Amino acid sequence: MKHETYMQRCFDLALLGLGNTAPNPLVGSVIVHQDKIIGEGYHEKYGEAHAEVNAINSVKHKSLLTESTIYVNLEPCAHFGKTPPCSDLIIKHNIPKVVIGCIDTFDEVAGKGVEKLEAKGCKVEVGVLEDQAKELNKRFFTFHNKKRPYVILKWAQSSDGFIDIDRSNGKKGIAWISGPETKQVVHKWRHEEAGILVGKNTVLTDNPSLTVREIEGNSPIRFVLDTNNSIDLEKYQIGNQPPATFKLTGLDTSTAENILNFLYNKSIQSVIIEGGASTLNTFIECGLWDEARVITGSKIFQTGIKAPLLRINPTKTQKSQTDTIIYYYND
């Protein structure tokens, strides 16, 4: 079998950790002996064993490692963090060949893992399905290379283009647009990101919980834009849900740069921004977003708050019962 086949298996394994590994990257590893997979593993949870460790531990006959190739979608680490360096473990077991999807641009690694392996006589090949390997860890690379979280915009809009009903009469509560199946999809999205952010008005009008109650998984850390520190979050659902909720106060939240700097300093690797329209437009107008997921339902509002407008072509479209989900990527 070709290198690409085993690297794709690394990707598949790595994705099993999505939502549980941040701020660490998604990593899968496969060990091959004479064209047969004899071990595999992935990084399952932040603070726990890395993919290479789990793959090596899964090999029943360790003597075969000296004649095997280990595949990993991201360069093995060369530094001590929560766990010892994976490059040292590969060297310890005398695995002669290492095939890597892409280099880890994190300063503590950034080629040092490859250098260490080659210095000990390992044959290293880098760049197998490299573009896919980088896409897999788009959150990790954006955080370390651009010094900001990976930004996902998400909103639901009526079939006539409104993100919310007319609130001039003071009406409170969520004006649901999408159906039950789509709600599960959205909660899965939330689980996959480190943080979720909304504006103050969304809290005041909708009183959302912003959890993943429709699925099994971790809820993201919640952030609310409240420049003047004018609301008491404990009076709302959002302020009484684990794991944590933070207000962004005392800074100019009219600029996306300030918001993202705040999140970066909180080590939030990725954030899904769920509204309202003003908050979403803040990011759209300055181009500081990476992807958008727009849900269009079958309801007609006729009046209300107009949905944001993206002036780029969509990448793909997905049906969800009576809803349509359109994906955009900001290259």
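Residues: numbered from 1 along the sequence shown. Remember, predicted model here, so these are calculated numbers, not experimental data.
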query = With a 3.5 Å cut-off and no angle check, do the side chains of Lys45 and Thr21 form a donor-acceptor pair?
reply = no
request  = Flag this pair as yes if the NZ/CZ of Lys134 is under 6.0 angstrom from the six-membered ring centre of Phe141 and inside a 45 degree cone about the axis; otherwise no.
outcome  = no
inquiry  = Quick check with a 6.0 Å cut-off and a 45 degree axis cone: is Lys247 positioned over the face of Phe223's six-membered ring?
reply    = no
query = Would the number of heavy atoms belonging to other residues, nucleotides or ligands and lying under 6.0 Å from CG of Asp331 be above 12?
reply = no
query = Should Lys116 and Asp88 count as an ion pair when the cut-off is N to O under 4.0 Å?
reply = yes
task = Establish, from distance only, whether the side-chain atoms of Gln8 and Asp12 form a donor-acceptor pair under 3.5 Å.
result = yes
inquiry  = Would you say that Val198 contacts Leu225 through its side chain, given a criterion of any heavy-atom pair below 4.5 Å between the two side chains?
reply    = no
inquiry  = Looking only at side-chain N and O atoms, does Asp226 offer a donor or acceptor that is under 3.5 Å from a partner on Ser230?
reply    = yes
ask   = So, are Arg190 and Glu274 salt-bridged, with charged N and O less than 4.0 Å apart?
value = yes
query = Mind checking whether Phe143 and Tyr150 have ring centres under 6.0 Å apart?
reply = no
remark   = From the list Leu65, Val124, Val53, Val98, side-chain contact (heavy atoms from CB on, under 4.5 Å) partner of Ile90 resolves to Val98
ask   = Can we say Glu118 and Lys123 salt-bridge, meaning some charged N sits less than 4.0 Å from an Asp/Glu carboxylate O?
value = no
query = Which word best sums up how the rings of Tyr327 and Trp189 line up, parallel for under 30°, tilted for 30 to 60°, or perpendicular for over 60°?
reply = perpendicular
ask   = Do you know the tightest heavy-atom contact between Thr211 and Arg222?
value = CG2-NH1, 4.2 Å
inquiry  = Checking Ser320 against Glu181: is there a side-chain donor and acceptor pair closer than 3.5 Å?
reply    = yes
Trace of the salt bridge (charged side-chain N to carboxylate O under 4.0 Å, His left out) decision for Glu193 with Arg139 = CA-CA 9 Å; Glu193 311 310 328; Arg139 299 163 178 83; 2.8 Å; yes
inquiry  = Strictly distance-based, threshold 3.5 Å: is any side-chain N or O of Asp232 a donor or acceptor partner for the main-chain N or O of Glu234?
reply    = yes
task = Salt-bridge test for Glu115 and Lys112: reply yes if a basic N is under 4.0 Å from a carboxylate O, no otherwise.
result = no
message = Quick test of your reading of the model: are Lys183 and Asp323 salt-bridged, counting only N-O distances below 4.0 Å?
response = no
query = With distance as the sole criterion, is a donor-acceptor pair present between the side chains of Arg9 and Thr5 under 3.5 Å?
reply = no
key: Modelled atom types, side-chain donor and acceptor of Glu67 and His33, under 3.5 Å   = yes
key: Ion pair Lys2/Asp35, N-O distance below 4.0 Å   = no
query = Is the closest side-chain heavy-atom distance between Val224 and Tyr236 below 4.5 Å?
reply = no
request  = Of all the heavy-atom pairs spanning Leu117 and Pro76, show the shortest one and how long it is.
outcome  = CD1-CG, 4.3 Å
query = Does the side chain to side chain donor-acceptor pair (under 3.5 Å) test come out yes or no for Asp166 and Thr303, once each step is laid out?
reply = CA-CA 6 Å; Asp166 183 357; Thr303 62; 4.5 Å; no
message = Between Glu291 and Lys138 (salt bridge meaning N to carboxylate O under 4.0 Å), is one present in this structure?
response = yes
key: Non-hydrogen atoms of Pro308 and Ile163 that approach each other most closely   = CD-CD1, 3.9 Å
ask   = What closest approach, in Å, do Ala175 and Ile165 show between heavy atoms, and which atom pair accounts for it?
value = CB-CG2, 3.7 Å
